[in-house]
Amino acid sequence: MNRHAASRARPDPDLARELFASLGLDALLPEKLAGWRTLLAEAMAFFLDRLPEARLAAIVAEQFALADTAAPGVRIAALLAHCPTLHKLGQVIARHPGLDAGLRHALQALESMPPTTDIAPLLAAARAELGGDSGVHLAERALAEGSVAIVLPCSWREHGLLREGVLKALKPGVALRLGEELAILPALGDFLVGRGAELGLPAIDYHGYLAAAGRLLKEEIRLDREQAHMRIASTLLAADAHVFVPALLPWCTPALTAMERIHGAKLADAIVAPHEARRLGRALVGGLLARPFWSPAERALFHGDLHGGNLLRADDGRIAVLDWSLAAHLDKAQREALVDLALAALALDTGRIASALAGLGLVESCSASVSATVDQALDNFVCSGRALGFDWLIGLLDALALQGGSGFGEQLAVFRKSWLSLAGVLGDLGAGADADLPLIDLGVRRLAAEWPARLLAPADSRAFATHVSTADLWRAAADIFPASLRYWARLLGRAY
């Protein structure tokens with residue numbers, strides 16, 4: 001990988017082909033996205049070739065140090081681990097069912113890695129941050145490290161008993177490395193726009209997506225924000241018997257998140273009976289999606305990074321949810337629009353679907369390309385024989401984004417990413433078949449509890465946890481017969 005390409009508008013094609021050959025980058029995209037593989041390889045070359053010389057040299061040296069027989073997935077994971085931005089990308093796609101099984105296994109190592117960073121300077125900084133009279137003892141070895149942080153075990157005496165906790169601290173130099181990578185993104189956006197057009201790909205808002213990704217990645221190193229999210233989530237899940245947030249400890253600072261230590265194993269690695277897998281899946285969807293979604297609050301908090309390394313099955317059988325640095329905040333209007341979208345899809349009403357998409361912020365929601373994507377999604381729903389659920393809704397939003405649809409906003413993007421990650425974990429666990437049921441179940445129970453208040457409320461009021469008015473419900477009931485006609489018309493149309 002040479003450095004003279006730094007001034008070029010496009011990376012050296014030989015460098016892109018080298019990446020393809022040695023890393024198997026084409027495997028990062030499933031077959032249905034094969035048309036994007038050339039752009040991915042050239043974009044990766046563009047990004048790497050603009051890293052500081054020393055960092056690029058370290059990446060190349062590690063690739064040469066790997067055994068000649070190292071699988072492409074291992075090489076990809078090693079590369080991604082060097083860059084906070086790419087590390088996060090690897091975590092997001094690590095459980096995507098469309099990827100090669102070997103690659104998925106290699107990428108899952110990025111979810112929670114064995115500690116390799118020299119923690120001596122980190123221990124000194126943490127002790128200074130805690131103060132000499134804290135009474136907290138830090139272990140000399142880290143527990144694990146992720147894309148931006150390291151977890152350090154700690155202990156203290158309380159009423160004569162030894163207590164255990166952990167301190168989460170940022171990796172030394174991670175803010176600098178992240179800043180170097182984020183500085184590349186505007187030029188990368190220019191490259192993607194130009195090269196994507198040359199390859200005949202849809203005109204995606206690359207600049208907007210990269211800018212949003214940059215803002216979200218900056219949140220990853222704001223430990224004070226994580227602590228605020230944990231307090232909100234702890235209140236939300238206080239009555240949940242199955243899912244919980246580790247308790248914060250008094251020694252939290254903007255540079256340290258101190259919390260109780262949870263003994264257990266990654267949920268994704270658990271080998272459980274099918275009935276237990278279903279129970280765990282229902283617990284996760286019920287606690288982390290259904291509870292905040294079916295809330296009358298103006299803003300609802302959703303964990304934004306539900307990959308396999310952030311879900312631990314504690315020794316008492318409950319699920320601990322870690323790493324709240326990235327979160328999605330969906331306001332009530334967005335949740336109302338999502339319910340509108342679901343009701344319109346159940347009615348197979350493309351006009352109402354377009355209106356609901358506009359409510360979610362989609363620009364040009366009535367364009368021909370949007371209509372074609374919606375029609376294809378409805379045909380897939382009708383022919384699948386499955387109940388409409390979150391997979392379908394999120395799949396539609398992702399398909400529209402891939403076709404150049406813009407305007408959904410970064411909070412909804414984080415929400416979509418989190419569902420993708422959680423769905424992958426549930427699939428690996430064997431709990432994904434009925435993942436939507438807890439969401440539907442709690443929604444129905446909330447609806448039943450609302451009826452007394454609805455009798456006194458205006459018919460068009462949506463001031464309810466279910467985000468629908470009584471008029472919406474009457475309309476849904478009236479849609480049953482025409483929707484059944486549309487259903488059979490579509491099904492017969494596909495058959496012939």
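- Taking every heavy atom of both residues into account, A233 and V245 meet most closely at CB-CG2, 3.8 Å.
- Shortest non-hydrogen contact noted between L192 and A43 is CD2-CB, 3.7 Å.
- Checked by atom type and distance alone, the side chain of Q63 pairs as donor or acceptor with a backbone atom of R75 at under 3.5 Å.
- The two residues S469 and A459 come nearest to each other via the heavy atoms CB-O, 3.2 Å.
- Ion pairing between R282 and D441 fails under the 4.0 Å rule for side-chain N and carboxylate O.
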Problem - side chain to side chain contact (heavy atoms under 4.5 Å, CB included) evaluation trace for I262 with D315 - result: CA-CA 8 Å; I262 307 300; D315 288 344; over 6 Å; no
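- In this pair, F46 and F191 present their aromatic rings parallel. The plane angle is below 30°, not in the 30 to 60° band.
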Practice task
Run the numbers on L357 and L397 for side chain to side chain contact (heavy atoms under 4.5 Å, CB included), then give the verdict.
Solution key: CA-CA 9 Å; L357 291 171; L397 299 182; 3.8 Å; yes
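- Of the possible donor and acceptor atoms, none in the side chain of S295 sits under 3.5 Å from a partner among the backbone N and O of R291.
- Side chain of K417 to main chain of G304: a donor-acceptor pair is present (N/O by atom type, distance under 3.5 Å, no hydrogens or angles).
- The shortest non-hydrogen separation linking A476 to L343 is CB-CD2, 4.4 Å.
- In this structure, the side chain of R486 engages the main chain of A347 through a donor-acceptor pair within 3.5 Å.
- Using modelled atom types and a 3.5 Å distance limit, the side chains of S325 and E219 yield no donor-acceptor pair.
- To the nearest 0.5 angstrom, L412 atom CG is 6.0 Å from L338 atom CG.
- Residues N310 and V321 have side chains not in contact (no heavy-atom distance under 4.5 Å, counting atoms from C-beta outward).
- Considering only heavy atoms from C-beta on, S147 comes within 4.5 Å of E220 through its side chain.
- Put simply, the side chain of L311 reaches to within 4.5 Å of the side chain of V425, judged on heavy atoms.
- To the nearest 0.5 Å, atom CG of residue L346 and atom CZ of residue F381 are 6.0 Å apart.
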Exercise for the section: Report the C-alpha separation of Q376 and T373 in whole Å, then their side-chain angles, then the decisive distance to 0.1 Å, and conclude whether the side chain to side chain contact (heavy atoms under 4.5 Å, CB included) test is met. Expected result: CA-CA 5 Å; Q376 182 63 54; T373 303; 5.8 Å; no
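- Atom CD1 in I353 sits 8.5 Å away from atom CG in D375 (nearest 0.5 Å).
- Closest non-hydrogen pair, L39 versus G196, comes out as CD1-N, 4.0 Å.
- Distance alone, capped at 3.5 Å, places no donor-acceptor pair between the W488 side chain and the A483 backbone.
- Proximity of a side-chain donor or acceptor of S418 to a complementary backbone N or O of V414 within less than 3.5 Å is not detected.
- One distance of note links CZ of R215 with CD of E410; it measures 4.0 Å at 0.5 Å rounding.
- Using a 4.5 Å heavy-atom cutoff, the side chains of D349 and P482 are not in contact.
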Practice task
With side chain to side chain contact (heavy atoms under 4.5 Å, CB included) as the test, would you mind laying out the steps for D190 and H207 before giving the verdict?
Solution key: CA-CA 7 Å; D190 292 338; H207 287 102; 2.6 Å; yes
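- Taking the six-membered ring wherever Trp is involved, the centroid distance between the rings of F302 and H329 does not fall below 6.0 Å.
- Salt bridge R195/E198: present, at least one basic N to carboxylate O contact under 4.0 Å.
- Scanning both residues, L301 and P292, for their nearest heavy atoms gives O-CB, 3.4 Å.
- Under 4.0 Å is where a charged nitrogen must lie from a carboxylate oxygen, and between E276 and R313 at least one such pair does.
- Formation of a donor-acceptor pair under 3.5 Å by the W294 side chain with backbone atoms of L439 is found in this model.
- Counting heavy atoms from C-beta outward, T85 and L185 have side chains that stay 4.5 Å or more apart.
- Between K332 and E336 there is a salt bridge, since at least one side-chain N of the basic residue sits less than 4.0 Å from a carboxylate O of the acidic one.
- The main-chain N or O of L110 is found under 3.5 Å from a side-chain atom of Q91 such that the two form a donor-acceptor pair.
- In this structure, the side chains of I59 and L48 come closer than 4.5 Å at one or more pairs of heavy atoms.
- Between the side chain of K218 and the backbone N or O of A213 there is no donor-acceptor pair closer than 3.5 Å.
- A distance-only check finds a donor-acceptor pair linking the side chain of E226 to the backbone of W324 [under 3.5 Å].
- S421 OG to R416 CZ: the interatomic distance, rounded to the nearest 0.5 Å, is 12.5 Å.
- Residues D340 and V468 have side chains not in contact (no heavy-atom distance under 4.5 Å, counting atoms from C-beta outward).
- F464 carries R454 over the face of its six-membered ring, with the cationic atom under 6.0 Å from the centre and within 45° of the normal.
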Practice task
Kindly determine whether D240 and R318 satisfy salt bridge (Lys or Arg N to Asp or Glu O under 4.0 Å), including the steps that lead there.
Solution key: CA-CA 10 Å; D240 197 300; R318 295 184 300 158; over 6 Å; no
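- No side-chain heavy atom of L348 sits less than 4.5 Å from a side-chain heavy atom of D479.
- The CG atom of L322 sits 4.5 Å away from the CG atom of L312 when rounded to the nearest 0.5 Å.
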